[in-house]
Amino acid sequence: MKILVTGGTGYIGSHTVVELQKEGFEVVIVDNLSNSQAWIADAIADISGKKPHFEQFDLADQKLTADFFRRHSDLMGVIHFAAFKAVGESVDNPLMYYRNNLVSLMNILEGMQQNVIPNLVFSSSCTVYGQPDELPVSEKAPIKKAESPYGNTKQISEEIIQDTIKSSEIHATALRYFNPIGAHESASIGELPLGVPNNLVPFITQTAIGLRKQLSVFGEDYNTPDGTAIRDYIHVVDLAQAHVVAIKRMINQQMKQRFEIFNLGTGNGYSVLEVIQSFEKVSGLKLNYKIVGRRPGDVEQVWANPEWSNNELGWKAKRNLDEMTASAWKWEQYYRNKQ
Ligand code: NAD
Ligand code: WQD
(Lines give C-alpha, C1' and ligand atoms only; values in the text may rest on other atoms or scores of the structure.)
(Ligands and ions follow the chains in the order given, each with its own letter.)
Protein backbone atom coordinates (compact mmCIF):
# COMPACT_ATOMS: atom_id res chain seq x y z
CA MET A 1 0.00 0.00 0.00
CA LYS A 2 2.85 2.37 -0.85
CA ILE A 3 1.89 5.64 -2.57
CA LEU A 4 4.08 8.38 -4.03
CA VAL A 5 2.77 11.87 -3.29
CA THR A 6 4.56 14.42 -5.46
CA GLY A 7 4.37 17.93 -4.04
CA GLY A 8 3.60 16.28 -0.69
CA THR A 9 5.02 19.12 1.41
CA GLY A 10 2.80 21.60 -0.46
CA TYR A 11 -0.60 22.87 0.63
CA ILE A 12 -2.98 20.21 -0.68
CA GLY A 13 -0.32 17.49 -0.76
CA SER A 14 0.49 17.76 2.96
CA HIS A 15 -3.17 17.46 3.95
CA THR A 16 -3.54 14.46 1.63
CA VAL A 17 -0.50 12.72 3.13
CA VAL A 18 -2.12 12.99 6.58
CA GLU A 19 -5.37 11.45 5.30
CA LEU A 20 -3.51 8.66 3.46
CA GLN A 21 -1.52 7.80 6.58
CA LYS A 22 -4.72 7.74 8.63
CA GLU A 23 -6.05 5.10 6.24
CA GLY A 24 -2.94 2.96 6.61
CA PHE A 25 -1.07 3.89 3.43
CA GLU A 26 2.71 4.11 3.44
CA VAL A 27 3.63 7.44 1.87
CA VAL A 28 6.71 8.56 -0.01
CA ILE A 29 6.91 12.29 -0.69
CA VAL A 30 8.92 13.83 -3.50
CA ASP A 31 9.18 17.62 -3.46
CA ASN A 32 11.92 20.01 -4.54
CA LEU A 33 10.74 22.58 -1.93
CA SER A 34 10.33 25.24 -4.62
CA ASN A 35 7.09 26.30 -2.90
CA SER A 36 7.17 24.55 0.48
CA GLN A 37 9.48 23.79 3.38
CA ALA A 38 11.14 20.69 4.82
CA TRP A 39 9.64 21.12 8.32
CA ILE A 40 6.22 20.30 6.88
CA ALA A 41 7.22 16.61 6.83
CA ASP A 42 7.72 16.89 10.62
CA ALA A 43 4.41 18.73 11.03
CA ILE A 44 2.72 15.87 9.16
CA ALA A 45 4.36 13.43 11.60
CA ASP A 46 3.12 15.51 14.56
CA ILE A 47 -0.44 15.00 13.34
CA SER A 48 -0.30 11.41 12.14
CA GLY A 49 2.39 10.01 14.42
CA LYS A 50 4.29 8.78 11.38
CA LYS A 51 6.98 10.60 9.43
CA PRO A 52 6.59 10.08 5.70
CA HIS A 53 9.68 9.08 3.71
CA PHE A 54 10.83 12.29 2.00
CA GLU A 55 13.07 12.81 -1.02
CA GLN A 56 13.98 16.28 -2.22
CA PHE A 57 14.58 16.59 -5.95
CA ASP A 58 13.16 18.18 -9.10
CA LEU A 59 10.72 15.93 -10.94
CA ALA A 60 11.52 17.83 -14.13
CA ASP A 61 14.92 16.13 -13.95
CA GLN A 62 14.52 13.01 -16.07
CA LYS A 63 17.47 11.07 -14.68
CA LEU A 64 16.64 11.67 -11.02
CA THR A 65 12.99 10.81 -11.60
CA ALA A 66 13.84 7.60 -13.51
CA ASP A 67 16.22 6.60 -10.72
CA PHE A 68 13.54 7.28 -8.09
CA PHE A 69 11.03 5.03 -9.85
CA ARG A 70 13.59 2.22 -10.23
CA ARG A 71 14.17 2.36 -6.47
CA HIS A 72 10.43 2.45 -5.73
CA SER A 73 9.03 0.03 -8.29
CA ASP A 74 6.71 -1.41 -5.60
CA LEU A 75 4.48 1.69 -5.60
CA MET A 76 0.73 1.03 -5.89
CA GLY A 77 0.08 4.49 -7.18
CA VAL A 78 1.10 8.09 -7.62
CA ILE A 79 -0.81 11.19 -6.53
CA HIS A 80 0.74 13.97 -8.55
CA PHE A 81 0.40 17.45 -7.01
CA ALA A 82 3.82 18.89 -7.87
CA ALA A 83 3.38 21.87 -10.18
CA PHE A 84 3.72 25.63 -10.27
CA LYS A 85 0.30 27.21 -9.73
CA ALA A 86 0.43 31.02 -9.82
CA VAL A 87 -1.73 32.22 -12.71
CA GLY A 88 -0.13 35.68 -13.04
CA GLU A 89 3.41 34.33 -12.84
CA SER A 90 2.57 31.89 -15.63
CA VAL A 91 1.54 34.80 -17.87
CA ASP A 92 4.90 36.51 -17.21
CA ASN A 93 6.96 33.35 -17.53
CA PRO A 94 5.08 30.78 -19.62
CA LEU A 95 8.06 28.58 -20.49
CA MET A 96 8.90 28.11 -16.84
CA TYR A 97 5.35 26.81 -16.34
CA TYR A 98 5.27 24.59 -19.41
CA ARG A 99 8.67 23.13 -18.55
CA ASN A 100 7.97 22.48 -14.88
CA ASN A 101 4.39 21.26 -15.11
CA LEU A 102 4.59 19.25 -18.33
CA VAL A 103 8.12 17.83 -18.20
CA SER A 104 7.63 16.59 -14.63
CA LEU A 105 4.36 14.91 -15.63
CA MET A 106 6.03 13.20 -18.60
CA ASN A 107 8.93 12.01 -16.44
CA ILE A 108 6.47 10.56 -13.94
CA LEU A 109 4.45 8.79 -16.63
CA GLU A 110 7.65 7.35 -18.07
CA GLY A 111 8.74 6.10 -14.66
CA MET A 112 5.32 4.54 -14.09
CA GLN A 113 5.34 2.86 -17.49
CA GLN A 114 8.83 1.47 -17.11
CA ASN A 115 8.15 0.08 -13.66
CA VAL A 116 4.54 -1.00 -14.23
CA ILE A 117 3.05 1.26 -11.59
CA PRO A 118 -0.67 1.11 -12.29
CA ASN A 119 -2.46 4.15 -10.85
CA LEU A 120 -2.14 7.90 -11.29
CA VAL A 121 -4.23 10.58 -9.61
CA PHE A 122 -3.67 13.97 -11.21
CA SER A 123 -4.38 17.43 -9.74
CA SER A 124 -6.46 19.23 -12.32
CA SER A 125 -8.50 22.37 -11.89
CA CYS A 126 -11.88 23.94 -12.55
CA THR A 127 -9.89 26.48 -14.53
CA VAL A 128 -10.28 24.08 -17.50
CA TYR A 129 -13.98 25.09 -17.72
CA GLY A 130 -13.28 28.83 -18.02
CA GLN A 131 -16.61 30.66 -17.67
CA PRO A 132 -19.00 27.73 -18.18
CA ASP A 133 -22.14 28.15 -20.29
CA GLU A 134 -24.19 26.31 -17.68
CA LEU A 135 -24.07 26.37 -13.90
CA PRO A 136 -23.45 24.31 -11.90
CA VAL A 137 -20.70 22.89 -14.09
CA SER A 138 -20.47 19.13 -14.59
CA GLU A 139 -17.57 17.05 -15.88
CA LYS A 140 -19.32 16.89 -19.26
CA ALA A 141 -19.01 20.66 -19.81
CA PRO A 142 -16.75 21.64 -22.69
CA ILE A 143 -13.16 22.67 -22.00
CA LYS A 144 -12.73 26.38 -22.82
CA LYS A 145 -9.61 27.98 -24.25
CA ALA A 146 -7.26 28.46 -21.30
CA GLU A 147 -7.01 31.97 -19.84
CA SER A 148 -3.37 31.50 -18.82
CA PRO A 149 -0.34 29.30 -19.50
CA TYR A 150 -0.96 27.77 -16.06
CA GLY A 151 -4.51 26.80 -17.03
CA ASN A 152 -3.20 25.49 -20.32
CA THR A 153 -0.73 23.19 -18.51
CA LYS A 154 -3.73 21.54 -16.80
CA GLN A 155 -5.55 21.05 -20.12
CA ILE A 156 -2.45 19.73 -21.88
CA SER A 157 -1.63 17.50 -18.89
CA GLU A 158 -5.04 15.85 -19.07
CA GLU A 159 -4.42 15.21 -22.79
CA ILE A 160 -0.91 13.85 -22.23
CA ILE A 161 -2.30 11.46 -19.61
CA GLN A 162 -5.13 10.28 -21.85
CA ASP A 163 -2.80 9.66 -24.78
CA THR A 164 -0.22 7.86 -22.66
CA ILE A 165 -2.56 5.47 -20.93
CA LYS A 166 -3.94 4.26 -24.28
CA SER A 167 -0.66 2.48 -24.94
CA SER A 168 0.21 1.40 -21.41
CA GLU A 169 -1.15 -0.35 -18.34
CA ILE A 170 -1.64 2.90 -16.44
CA HIS A 171 -5.07 3.94 -15.13
CA ALA A 172 -5.61 7.60 -14.34
CA THR A 173 -8.01 9.86 -12.47
CA ALA A 174 -8.10 13.61 -13.00
CA LEU A 175 -9.53 15.50 -10.05
CA ARG A 176 -10.70 18.97 -10.98
CA TYR A 177 -10.50 21.09 -7.85
CA PHE A 178 -12.63 24.16 -7.38
CA ASN A 179 -11.23 26.65 -4.81
CA PRO A 180 -9.43 24.87 -1.96
CA ILE A 181 -9.16 26.93 1.25
CA GLY A 182 -8.80 26.32 4.98
CA ALA A 183 -6.34 24.25 6.96
CA HIS A 184 -6.03 21.14 9.11
CA GLU A 185 -7.89 21.45 12.43
CA SER A 186 -4.60 21.06 14.34
CA ALA A 187 -3.30 24.23 12.61
CA SER A 188 0.02 22.38 12.19
CA ILE A 189 -0.22 22.55 8.40
CA GLY A 190 -1.96 24.99 6.06
CA GLU A 191 -1.49 27.22 3.05
CA LEU A 192 1.91 28.96 2.92
CA PRO A 193 2.04 31.38 0.02
CA LEU A 194 5.48 32.76 -0.83
CA GLY A 195 5.38 36.56 -0.91
CA VAL A 196 2.16 38.44 -1.59
CA PRO A 197 -0.74 35.99 -1.88
CA ASN A 198 -2.71 35.85 -5.13
CA ASN A 199 -5.61 33.95 -3.65
CA LEU A 200 -8.46 35.46 -1.69
CA VAL A 201 -8.39 33.65 1.64
CA PRO A 202 -4.66 33.90 2.40
CA PHE A 203 -4.89 37.58 1.48
CA ILE A 204 -7.77 37.99 3.94
CA THR A 205 -5.96 36.25 6.81
CA GLN A 206 -2.68 38.09 6.12
CA THR A 207 -4.55 41.39 6.14
CA ALA A 208 -6.25 40.52 9.40
CA ILE A 209 -2.95 39.57 11.04
CA GLY A 210 -1.38 42.84 9.90
CA LEU A 211 0.96 41.61 7.16
CA ARG A 212 -1.05 43.39 4.43
CA LYS A 213 -2.66 46.78 4.79
CA GLN A 214 -5.86 46.21 2.89
CA LEU A 215 -7.64 43.59 0.82
CA SER A 216 -8.68 44.69 -2.66
CA VAL A 217 -11.98 43.18 -3.75
CA PHE A 218 -11.70 42.75 -7.49
CA GLY A 219 -14.93 43.99 -9.06
CA GLU A 220 -18.44 44.69 -7.78
CA ASP A 221 -20.12 44.98 -11.16
CA TYR A 222 -20.50 41.29 -11.94
CA ASN A 223 -23.89 39.89 -12.79
CA THR A 224 -24.26 38.26 -9.35
CA PRO A 225 -26.57 39.08 -6.41
CA ASP A 226 -24.04 41.36 -4.64
CA GLY A 227 -21.95 42.20 -7.71
CA THR A 228 -18.81 40.33 -6.58
CA ALA A 229 -17.52 37.14 -8.23
CA ILE A 230 -18.70 33.72 -7.12
CA ARG A 231 -16.61 30.58 -6.52
CA ASP A 232 -17.05 27.12 -5.06
CA TYR A 233 -14.75 27.13 -2.02
CA ILE A 234 -13.91 23.70 -0.65
CA HIS A 235 -12.20 22.79 2.63
CA VAL A 236 -8.75 21.36 1.96
CA VAL A 237 -9.39 18.41 4.30
CA ASP A 238 -12.53 17.45 2.34
CA LEU A 239 -10.42 17.71 -0.80
CA ALA A 240 -7.64 15.59 0.71
CA GLN A 241 -10.11 12.88 1.70
CA ALA A 242 -11.38 12.71 -1.88
CA HIS A 243 -7.86 11.71 -2.97
CA VAL A 244 -7.87 8.76 -0.57
CA VAL A 245 -11.23 7.64 -1.93
CA ALA A 246 -10.02 8.07 -5.52
CA ILE A 247 -6.81 6.06 -5.07
CA LYS A 248 -8.70 3.30 -3.24
CA ARG A 249 -11.21 3.11 -6.08
CA MET A 250 -8.30 2.60 -8.46
CA ILE A 251 -6.47 0.04 -6.31
CA ASN A 252 -9.71 -1.90 -5.79
CA GLN A 253 -10.27 -1.84 -9.57
CA GLN A 254 -13.63 -0.11 -9.29
CA MET A 255 -13.06 2.34 -12.13
CA LYS A 256 -15.61 2.32 -14.92
CA GLN A 257 -13.07 3.58 -17.46
CA ARG A 258 -9.26 3.69 -17.62
CA PHE A 259 -9.44 7.47 -17.39
CA GLU A 260 -11.94 9.12 -15.10
CA ILE A 261 -12.61 12.75 -14.24
CA PHE A 262 -14.23 14.08 -11.07
CA ASN A 263 -15.17 17.58 -9.97
CA LEU A 264 -14.15 18.30 -6.40
CA GLY A 265 -16.38 21.07 -5.14
CA THR A 266 -19.20 21.51 -2.67
CA GLY A 267 -21.84 22.54 -5.18
CA ASN A 268 -22.30 25.90 -3.38
CA GLY A 269 -21.17 29.20 -4.80
CA TYR A 270 -20.15 32.07 -2.51
CA SER A 271 -19.33 35.65 -3.47
CA VAL A 272 -16.18 37.47 -2.39
CA LEU A 273 -18.26 39.57 0.04
CA GLU A 274 -19.83 36.44 1.52
CA VAL A 275 -16.36 35.01 2.18
CA ILE A 276 -15.35 38.26 3.88
CA GLN A 277 -18.54 38.22 5.98
CA SER A 278 -17.87 34.63 7.02
CA PHE A 279 -14.31 35.56 7.99
CA GLU A 280 -15.52 38.55 10.02
CA LYS A 281 -18.10 36.37 11.78
CA VAL A 282 -15.72 33.59 12.82
CA SER A 283 -12.83 35.90 13.75
CA GLY A 284 -14.85 38.66 15.38
CA LEU A 285 -12.71 41.15 13.44
CA LYS A 286 -13.54 43.89 10.98
CA LEU A 287 -11.55 43.38 7.79
CA ASN A 288 -10.00 46.38 6.04
CA TYR A 289 -11.02 46.05 2.40
CA LYS A 290 -11.90 48.22 -0.53
CA ILE A 291 -13.61 47.58 -3.82
CA VAL A 292 -11.39 48.03 -6.86
CA GLY A 293 -11.70 47.14 -10.55
CA ARG A 294 -11.95 43.61 -11.89
CA ARG A 295 -8.81 41.44 -12.07
CA PRO A 296 -8.03 40.59 -15.71
CA GLY A 297 -8.74 36.96 -16.57
CA ASP A 298 -11.20 36.36 -13.69
CA VAL A 299 -14.40 34.52 -14.52
CA GLU A 300 -17.65 35.89 -13.15
CA GLN A 301 -19.02 32.83 -11.45
CA VAL A 302 -18.36 29.13 -11.27
CA TRP A 303 -19.45 26.36 -8.99
CA ALA A 304 -19.46 22.61 -9.29
CA ASN A 305 -22.07 20.05 -9.96
CA PRO A 306 -20.60 17.46 -7.58
CA GLU A 307 -23.21 14.75 -8.29
CA TRP A 308 -20.93 12.47 -10.28
CA SER A 309 -18.25 12.57 -7.53
CA ASN A 310 -20.86 12.16 -4.79
CA ASN A 311 -22.50 9.18 -6.48
CA GLU A 312 -19.49 7.42 -8.00
CA LEU A 313 -16.85 8.08 -5.36
CA GLY A 314 -19.28 8.02 -2.46
CA TRP A 315 -17.54 11.19 -1.30
CA LYS A 316 -19.15 14.49 -0.33
CA ALA A 317 -17.61 17.69 0.99
CA LYS A 318 -18.79 18.04 4.61
CA ARG A 319 -17.30 21.27 5.92
CA ASN A 320 -19.13 24.59 5.49
CA LEU A 321 -17.79 28.06 4.65
CA ASP A 322 -17.47 29.17 8.30
CA GLU A 323 -15.40 26.05 9.09
CA MET A 324 -13.19 26.87 6.12
CA THR A 325 -12.54 30.50 7.07
CA ALA A 326 -12.18 29.66 10.79
CA SER A 327 -9.55 27.00 10.11
CA ALA A 328 -7.67 29.33 7.74
CA TRP A 329 -7.63 32.01 10.45
CA LYS A 330 -6.51 29.58 13.17
CA TRP A 331 -3.66 28.41 10.94
CA GLU A 332 -2.57 31.99 10.13
CA GLN A 333 -2.41 32.84 13.84
CA TYR A 334 -0.59 29.65 14.90
CA TYR A 335 1.90 29.97 12.08
CA ARG A 336 2.72 33.64 12.70
CA ASN A 337 3.04 33.04 16.45
CA LYS A 338 5.60 30.31 15.74
CA GLN A 339 7.79 32.71 13.70
P1 NAD B 1 1.71 24.05 -3.61
O2 NAD B 1 2.59 24.97 -4.36
O3 NAD B 1 1.45 24.33 -2.17
O4 NAD B 1 2.27 22.56 -3.72
C5 NAD B 1 2.95 22.10 -4.85
C6 NAD B 1 4.25 21.46 -4.38
O7 NAD B 1 4.95 20.94 -5.51
C8 NAD B 1 5.19 22.45 -3.69
O9 NAD B 1 5.55 21.93 -2.43
C10 NAD B 1 6.38 22.56 -4.63
O11 NAD B 1 7.58 22.74 -3.91
C12 NAD B 1 6.33 21.24 -5.37
N13 NAD B 1 6.88 21.25 -6.72
C14 NAD B 1 6.59 22.09 -7.74
N15 NAD B 1 7.29 21.75 -8.83
C16 NAD B 1 8.05 20.68 -8.49
C17 NAD B 1 8.99 19.88 -9.21
N18 NAD B 1 9.32 20.13 -10.48
N19 NAD B 1 9.56 18.84 -8.55
C20 NAD B 1 9.26 18.57 -7.27
N21 NAD B 1 8.39 19.30 -6.56
C22 NAD B 1 7.80 20.34 -7.16
O23 NAD B 1 0.34 23.95 -4.43
P24 NAD B 1 -1.06 23.32 -4.00
O25 NAD B 1 -2.02 24.43 -3.79
O26 NAD B 1 -0.88 22.30 -2.95
O27 NAD B 1 -1.47 22.64 -5.37
C28 NAD B 1 -1.22 21.27 -5.63
C29 NAD B 1 -1.71 20.92 -7.02
O30 NAD B 1 -3.08 21.23 -7.13
C31 NAD B 1 -1.01 21.70 -8.14
O32 NAD B 1 -0.85 20.83 -9.23
C33 NAD B 1 -2.00 22.78 -8.47
O34 NAD B 1 -1.86 23.22 -9.79
C35 NAD B 1 -3.31 22.05 -8.26
N36 NAD B 1 -4.44 22.95 -7.97
C37 NAD B 1 -4.35 23.82 -6.93
C38 NAD B 1 -5.41 24.67 -6.65
C39 NAD B 1 -5.33 25.69 -5.54
O40 NAD B 1 -6.10 26.63 -5.55
N41 NAD B 1 -4.44 25.53 -4.57
C42 NAD B 1 -6.58 24.60 -7.43
C43 NAD B 1 -6.65 23.68 -8.46
C44 NAD B 1 -5.57 22.85 -8.73
C1 WQD C 1 -11.22 34.06 -5.75
C2 WQD C 1 -12.09 35.31 -5.91
C3 WQD C 1 -11.03 37.07 -7.15
C4 WQD C 1 -7.83 37.92 -4.35
C5 WQD C 1 -7.36 30.58 -8.76
C6 WQD C 1 -6.84 30.03 -10.05
C7 WQD C 1 -7.50 28.70 -10.33
C8 WQD C 1 -7.33 27.76 -9.14
C9 WQD C 1 -7.73 28.39 -7.86
C10 WQD C 1 -5.42 26.43 -9.51
C11 WQD C 1 -12.01 35.90 -7.30
C12 WQD C 1 -11.27 37.49 -5.72
C13 WQD C 1 -8.95 37.37 -4.95
C14 WQD C 1 -7.90 39.26 -3.86
C15 WQD C 1 -10.19 39.38 -4.60
N16 WQD C 1 -5.98 27.39 -8.96
N17 WQD C 1 -10.10 38.09 -5.08
N18 WQD C 1 -9.09 39.93 -4.00
O19 WQD C 1 -9.02 33.16 -9.21
O20 WQD C 1 -10.96 31.70 -8.48
O21 WQD C 1 -8.77 30.71 -8.85
O22 WQD C 1 -7.08 29.66 -7.70
O23 WQD C 1 -5.81 25.69 -10.38
O24 WQD C 1 -6.89 28.20 -11.46
O25 WQD C 1 -7.16 30.93 -11.08
O26 WQD C 1 -9.09 32.11 -6.88
O27 WQD C 1 -8.60 32.91 -4.62
O28 WQD C 1 -7.48 34.04 -6.58
O29 WQD C 1 -9.91 34.36 -6.21
O30 WQD C 1 -11.22 40.03 -4.70
O31 WQD C 1 -6.92 39.83 -3.34
O32 WQD C 1 -11.58 36.31 -5.02
O33 WQD C 1 -11.24 38.13 -8.02
O34 WQD C 1 -13.27 36.42 -7.62
P35 WQD C 1 -9.52 32.03 -8.44
P36 WQD C 1 -8.68 33.36 -6.03
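Every number for a ligand or one of its atoms is a count from 1 in the order of the listing. None of these values were measured; they are calculated from a predicted model. In this chain, numbering begins with 1 at the start of the sequence shown.
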Students should be able to answer this: which protein heavy-atom is nearest to [atom], and at what distance?
atom: atom 18 (N) of ligand 2; result: Ser216 O, 2.7 Å
atom: atom 4 (C) of ligand 2; result: Asn198 O, 3.5 Å
atom: atom 20 (O) of ligand 2; result: Arg231 NE, 2.5 Å
atom: atom 25 (O) of ligand 2; result: Val87 CG2, 3.3 Å
atom: atom 4 (O) of ligand 1; result: Gly10 CA, 3.4 Å
atom: atom 30 (O) of ligand 2; result: Phe218 N, 2.9 Å
atom: atom 21 (O) of ligand 2; result: Asn179 ND2, 3.7 Å
atom: atom 5 (C) of ligand 1; result: Ala83 O, 3.9 Å
atom: atom 3 (O) of ligand 1; result: Tyr11 N, 2.8 Å
atom: atom 37 (C) of ligand 1; result: Ile12 CD1, 3.8 Å
atom: atom 25 (O) of ligand 1; result: Lys85 NZ, 2.8 Å
atom: atom 36 (P) of ligand 2; result: Asn199 ND2, 3.4 Å
atom: atom 12 (C) of ligand 1; result: Asp31 OD1, 3.3 Å
atom: atom 29 (O) of ligand 2; result: Arg295 NH2, 3.4 Å

Taking only heavy atoms of [X] into account, list the atoms of ligand 1 that are under 4.0 Å away from them.
X: Ser36; result: 8 (C), 9 (O), 11 (O)
X: Ser34; result: 10 (C), 11 (O), 13 (N), 14 (C), 15 (N)
X: Ser123; result: 29 (C), 30 (O), 32 (O), 35 (C)
X: Asp58; result: 17 (C), 18 (N), 19 (N)
X: Phe57; result: 19 (N), 20 (C)

Within the distance-only criterion (no hydrogens, no angle test), does the side chain of [X] pair as donor or acceptor with the backbone N or O of [Y] below 3.5 angstrom?
X: Arg212; Y: Phe203; result: no
X: Glu260; Y: Ala174; result: no
X: Asn199; Y: Pro202; result: no

Should the proximity of [X] to ligand 2, defined as any heavy atom under 4.0 Å, be assigned to the side chain, the backbone, both, or neither?
X: Leu200; answer: both
X: Thr228; answer: neither
X: Thr127; answer: side chain
X: Leu215; answer: side chain
X: Cys126; answer: neither

| task | Would you kindly check if the NZ (Lys) or CZ (Arg) of Arg294 is within the cone defined by 45 degrees around the ring axis of Tyr222 and under 6.0 Å from the six-membered ring centre? | result | yes
### Query
Checking Lys154 against Tyr150: charged group under 6.0 Å from the ring centre and within 45 degrees of the axis?
no
Could you tell me whether [X] and [Y] make a salt bridge, using a distance below 4.0 angstrom between a side-chain N and a carboxylate O?
X: Asp133; Y: Lys144; value: yes
X: Glu220; Y: Lys290; value: no
X: Arg336; Y: Glu332; value: yes
X: Glu312; Y: Lys256; value: yes
X: Arg176; Y: Glu139; value: no
X: Asp238; Y: Arg319; value: yes

Give yes or no for whether the N/O distance cutoff of 3.5 Å, strictly under, is met between [X] and ligand 1.
X: Tyr177; value: no
X: Asn100; value: yes
X: Leu59; value: yes
X: Phe178; value: no
X: Asn32; value: yes
X: Ser124; value: no
X: Phe81; value: yes

Does the side chain of [X] come under 3.5 Å of the side chain of [Y] through a donor N or O and an acceptor N or O?
X: Asn305; Y: Ser138; value: no
X: Ser14; Y: Thr9; value: no
X: His80; Y: Ser123; value: no
X: Tyr129; Y: Asn263; value: yes
X: Glu55; Y: His53; value: yes
X: Ser73; Y: Asn115; value: no
X: Tyr270; Y: Asp232; value: no

### Query
Between Trp329 and Phe279, is the ring centre distance below 6.0 Å?
yes
Per-atom contacts, ligand 2 versus Ala229 - under 4.0 Å to a heavy atom =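 This gives 34 (O) as the contact atoms.
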Ligand 2 contacted by [X] (non-hydrogen, < 4.0 Å):
X: Lys85; answer: no
X: Tyr289; answer: no
X: Tyr150; answer: yes

(request) Compare every heavy atom of Trp39 with every heavy atom of Ser188, then report the nearest pair and how far apart it is. (result)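 Heavy-atom minimum between the residues: O-CZ3, 3.9 Å.
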If we set the cut-off at 4.0 Å for heavy atoms, which region of [X] has an atom near ligand 1: side chain, backbone, both, or neither?
X: Lys154; result: side chain
X: Leu33; result: backbone
X: Tyr150; result: side chain

(message) Looking only at distances, can you tell me whether any N or O atom of Val201, backbone or side chain, sits closer than 3.5 Å to an N or O atom of ligand 2?
(response) no
Nearest heavy atom to atom 38 (C) of ligand 1, choosing from Pro180, Ala60, Gly7, Ala86, belongs to Pro180
From atom 2 (O) of ligand 1, work out which of Thr9, Ile181, Asn35 has a heavy atom at the shortest distance.
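Nearest option to atom 2 (O) of ligand 1, by heavy atoms: Asn35.
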Qualifying residue for side-chain contact (heavy atoms from CB on, under 4.5 Å) with Tyr98, from Asn152, Val103, Asn93: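 Only one option passes, and that is Asn152.
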